[in-house]
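The block underneath contains the structure these notes are about, expressed in structure tokens.
For clarity, every value in this text was computed on a predicted model and none was experimentally measured. In what follows, every heavy atom counts, from backbone to side chain, and hydrogens, waters and symmetry copies are set aside.
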Amino acid sequence: MRAHVFPGQGIQKKGMGRSLFGRFPDLRCRADRVLGYSIEELCLENPERRLSETAYAQPAIYVVNALHWSAAQEDLPPADFFAGHSLGEYSALFAAGAFDFETGLTLVQRRAELMSQVSGGAMAAVVGVCEQIVEQTLKQHDATGVVIANYNAPEQFVLSGSHEELARIKSAFEEVEGVRGFVPVRVSGPFHSPAMAPAAARFRDLLASVDLGELRTPVISNVTGRPFGPDAQEVRELLAEQIANPVRWTDCIRYLRDAGVSVFTELGESKVLTSLIDRITTVQEPASDPRRDLVERIKREVLRPEIGDEALGFDEDASFRQLGLNSIIYVRLARRVGTVLGVPIKPDVIFQHRSCAALADYLLTRDDIARAAAPEDPPAPLREYQDERVTALLRDCADGTLSVDRTIEAIRALV
């Protein structure tokens, strides 16, 4: 499965969208009518360094994201999910059909104006340590006015607060073991923090008058880390909340990964989200515990079919006698062990080892359990490719979902 993701504020730069304005002139003209100025001139010339101002940066990024989305519809396979980081969420909703281009741009322009009116704050990224250490450091230094605004990756967080507080705790974080950087973010206010509540309230009033269409493709909400529901009012509320609440990007990507997404494509000239996604999806999982895994398999695949969901919460050391099992059930459990684990055993073995833990310990002493539990190697041709995105494209080509030409185009787009 595939997800297209859209970047947000911070990626703006002079020259953005240069290769696409001429390719999609209608979109450029529609943007000019909504904004009342030349979006192409703003992006390519950056007069008076306006791209550094929130009121101009956000509409510019939304338009350039829309240009890249237009190109993706012609050049790339369709996506199963969309997601956007902060401002990028509006690009994702536009791509999914929640509103048309002009409506989205109008919302973004007004959102940018309201957010730019909140002054006296800033943001900074902390890189290299986990959430718990970030929270502990803030608490130890009594930085009550600073909050985590972006959960970007397992070891990258963006703080939001006043200039003074961020400056005060900068040296504190730089002394924390493991911190690799305390980096200012290119924004003009304390976004995604309680200080933005007045802007969120005014934006909520504007959203109340906007009609939202049904999403053609699921979009992941920054606020919840889960897909937006079908209720338009819920979508409006989450968009308003997003201004003053943290962006839970790590949760968004983990949800997509768990939903089966293996190909993430960042639409735009930035690779910021691509880097974050790599950090999220390649984070090392705790080492596997064979005994624990086997106990859980016995509960889930051997015991549960016989006694129901009670098996999932059954104490691993508790005796099967507590379940009142008769001899027929012991026979069926033995057969199920043979079927599920590929290890033939007799019913009296189940009777002698009358708990999930004891049965697991017995099975782990047998050589055949290791062979039965070992996962099969993937087919040799697929083993050779380390990039899961390429593997997914090759599978689609093999089963006829994509033509050879489209597969080649999509793989080139990943490079």
Side-chain angles (χ1 to χ4, degrees), residues 5 7-13 52 54 57 61 83-89 115 118-196 220 222-223 225 242-257 264 266 268 270-287:
V5 298
Q9 191 167 350
I11 59 106
Q12 68 271 15
K13 63 178 181 178
S52 63
T54 295
I61 293 167
H85 189 283
S86 188
L87 168 66
E89 191 165 85
M115 293 176 72
V118 180
S119 59
M123 303 177 78
V126 178
V127 182
V129 291
C130 67
E131 175 186 349
Q132 182 181 7
I133 292 177
V134 173
E135 293 280 15
Q136 286 177 349
T137 304
L138 292 175
K139 185 176 181 179
Q140 288 170 0
H141 294 272
D142 197 28
T144 55
V146 177
V147 299
I148 298 178
N150 293 357
Y151 294 78
N152 282 342
E155 292 187 348
Q156 185 183 121
F157 303 88
V158 175
L159 306 181
S160 188
S162 69
H163 286 286
E164 295 76 16
E165 278 292 86
L166 288 174
R168 182 177 70 83
I169 64 170
K170 180 177 185 293
S171 58
F173 271 101
E174 290 175 339
E175 293 176 0
V176 173
E177 182 179 357
V179 170
R180 298 194 300 273
F182 189 94
V183 186
V185 178
R186 290 193 298 164
V187 295
S188 59
F191 300 161
H192 303 295
S193 76
M196 304 301 295
I220 311 303
N222 284 185
V223 175
Q242 191 225 63
I243 293 177
N245 280 269
V247 173
R248 299 190 176 276
W249 187 247
T250 299
D251 288 345
C252 293
I253 299 306
R254 284 176 173 165
Y255 175 88
L256 290 170
R257 182 187 60 185
F264 293 87
E266 182 173 359
S270 163
K271 295 302 178 187
V272 171
L273 297 186
T274 300
S275 175
L276 294 178
I277 291 169
D278 286 344
R279 296 181 194 180
I280 295 167
T281 57
T282 60
V283 65
Q284 280 194 335
E285 300 292 340

Quick one: ring-ring contact (aromatic ring centres under 6.0 Å, His included) pairs with a partner in residues 174-193, sequence neighbours left out? Phe173-Phe182

Close side-chain approach of [X] to [Y], heavy-atom, < 4.5 Å:
X      : Y      : result
Val247 : Ser86  : yes
Pro194 : Val147 : yes
Val5   : His85  : no

Measure the [atom1]-[atom2] distance between [X] and [Y] for me, rounded to the nearest 0.5 Å.
X      : Y      : atom1 : atom2 : value
Ile253 : Arg279 : CD1   : CZ    : 13.5 Å
Lys170 : Glu175 : NZ    : CD    : 11.0 Å
Glu131 : Gln156 : CD    : CD    : 14.0 Å
Ile277 : Asn152 : CD1   : CG    : 11.0 Å
Thr137 : Ile169 : OG1   : CD1   : 8.5 Å
Gln136 : Cys130 : CD    : SG    : 7.5 Å

Look only at the side chain of [X] and the backbone of [Y], and say whether a donor-acceptor pair between them is shorter than 3.5 Å.
X      : Y      : value
Glu266 : Leu273 : yes
Ser162 : Gly121 : no
Glu165 : Ala143 : no
Glu174 : Ala172 : no
Asn222 : Gly84  : yes
Ser275 : Lys271 : no

Could you name each residue pair satisfying salt bridge (charged side-chain N to carboxylate O under 4.0 Å, His left out) that touches residues 147-158, not counting sequence neighbours? Glu155-Arg180

I need the minimum non-hydrogen distance between [X] and [Y], along with the two atoms involved.
X      : Y      : value
Ile243 : Met196 : O-CB, 3.5 Å
Gly225 : Cys252 : CA-SG, 3.9 Å
Ile61  : Gly10  : CD1-N, 4.2 Å
Ile280 : Thr250 : CD1-CA, 3.7 Å
Ala83  : Ile220 : CB-CB, 4.2 Å
His141 : Arg168 : O-NH2, 2.8 Å

If the threshold is 4.0 Å, N to carboxylate O, is there a salt bridge linking Glu135 and Lys139? no

With no hydrogens and no angle check, just 3.5 Å: does a side-chain donor-acceptor pair link Thr54 and Gln9? yes

Residue that, paired with Met123, satisfies side-chain contact (heavy atoms from CB on, under 4.5 Å) out of Val158, Val183, Leu159: Val158

